[in-house]
Amino acid sequence: MIRLTVNGTAHELEVPSYRTLLDCLRYDLGLTGSKEGCGVGVCGACTVLLDGKMISSCIALAAFADSREVTTVEGLAQDERLHPVQQAFVDAGGFQCGICTPGQVVSAKALLDANPNPSDAEIREWMVGNLCRCTGYYKIIESIRVAAERSRA
Ligand code: FES
Ligand code: FES
């Protein structure tokens with residue numbers, strides 16, 4: 001039995017000890033925004049925030065999130081409004097496929113929470129764990145730059 005808060009909602013559920021946090025989110029809680037790309041902690045498609053810090057939920061056990069707060073991509077928009085990072089991904093063309101984008105957006109939010117004014121080099125370094133197999137990185141970096149600029153305006 002674990003208790004966790006996901007996107008502000010408290011949940012109590014029974015999960016097998018081997019259940020990953022990603023499977024718990026997707027199959028127990030129906031939050032399918034976080035994706036399974038590689039399943040081994042390499043691609044970043046499953047990135048969520050655990051107590052505000054980004055993790056690969058495919059290699060974290062659900063039990064690890066007991067008594068903690070999880071934020072998924074579904075938890076970013078507020079009051080029917082996209083999160084500024086989501087909006088910037090739409091406006092600047094960073095929003096490409098549905099597999100890598102949720103993780104890209106969650107990682108970008110974590111970056112701007114930690115560093116509201118990142119350089120391009122800092123953006124590239126932070127996002128190194130989020131892979132896009134189509135290599136559409138330029139617009140992803142541009143989207144993060146736009147979100148950062150807007151947050152300072
Ligand atoms: Fe988790 Fe690739 S699915 S890092
Ligand atoms: Fe998602 Fe390339 S846009 S893998």
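Since this is a predicted model, take the numbers as computed values, not measurements.
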Looking at R124 and D120, does any basic side-chain N land under 4.0 Å from a carboxylate oxygen?
-> no

Enter the distance from [X]:[atom1] to [Y]:[atom2] here, rounded to the nearest 0.5 Å.
X	Y	atom1	atom2	result
T72	E74	OG1	CD	3.5 Å
E142	K139	CD	NZ	9.5 Å
F64	L4	CZ	CG	12.5 Å

Ignoring hydrogens and angles, state whether a donor on the side chain of N7 or T71 is under 3.5 Å from an acceptor on the partner side chain.
-> no

Passes side-chain contact (heavy atoms from CB on, under 4.5 Å), T5 versus V70? Steps please.
-> CA-CA 6 Å; T5 301; V70 178; over 6 Å; no

Heavy-atom closest pair, residues [X] and [Y]:
X	Y	value
V73	G33	CG1-CA, 3.8 Å
C132	G136	SG-N, 3.2 Å
M127	I140	CE-CG2, 4.5 Å

Taking side-chain hydrogen bond (donor to acceptor under 3.5 Å, both in side chains) as the test, write out the residues that go with E80, two or more places apart.
-> none

R152: what forms a side-chain hydrogen bond (donor to acceptor under 3.5 Å, both in side chains) with it, not counting sequence neighbours?
-> N117

Selection residues 86-98 - residue pairs positive for side chain to side chain donor-acceptor pair (under 3.5 Å), sequence neighbours left out | Q87-D91, D91-R150

Using modelled atom types only, decide if a donor and an acceptor are shared between the side chain of S119 and the backbone of E122 within a distance under 3.5 Å.
-> yes

Under the 3.5 angstrom rule, does the side chain of W126 hit a backbone N or O of S107 as a donor-acceptor pair?
-> yes

Report the C-alpha separation of C100 and R133 in whole Å, then their side-chain angles, then the decisive distance to 0.1 Å, and conclude whether the side-chain contact (heavy atoms from CB on, under 4.5 Å) test is met.
-> CA-CA 9 Å; C100 73; R133 69 179 184 173; over 6 Å; no

Side chains of L13 and I2: closer than 4.5 Å at any heavy-atom pair?
-> yes

Do L111 and V90 belong together in a cluster built from hydrophobic side chains that touch within less than 4.5 Å?
-> yes

Is it true that F89 and I123 fall in one hydrophobic cluster, defined by side-chain heavy atoms closer than 4.5 Å?
-> yes

Contacts of type side-chain contact (heavy atoms from CB on, under 4.5 Å), residue S151, not counting sequence neighbours | none

For Q78 and H83, what are the C-alpha separation, side-chain angles and deciding distance, and is it a side-chain contact (heavy atoms from CB on, under 4.5 Å)?
-> CA-CA 7 Å; Q78 297 292 323; H83 185 279; over 6 Å; no

Using distance only, find each side-chain donor-acceptor pair of residues 20-30 under 3.5 Å and give its atom names and separation, not counting sequence neighbours.
unit_1	atom_1	unit_2	atom_2	d
T20	OG1	D23	N	3.0
R26	NH1	T32	O	2.9
R26	NH1	S34	O	2.9
D28	OD1	R19	NH2	3.0
D28	OD2	R19	NE	3.2

Tell me, yes or no, whether the heavy-atom count around Y137 atom OH, taken from other residues, nucleotides or ligands under 6.0 Å, exceeds 12.
-> yes

Please set out all donor-acceptor pairs under 3.5 angstrom arising from side-chain atoms of residues 38-62, sequence neighbours excluded.
unit_1	atom_1	unit_2	atom_2	d
T47	OG1	G44	O	2.6
D51	OD1	E69	N	2.9
D51	OD2	R68	NE	3.1
S57	OG	C46	O	2.7

Yes or no on side-chain contact (heavy atoms from CB on, under 4.5 Å) for K109 and L76, after CA distance, side-chain angles and deciding distance?
-> CA-CA 9 Å; K109 179 207 177 324; L76 299 188; 3.4 Å; yes

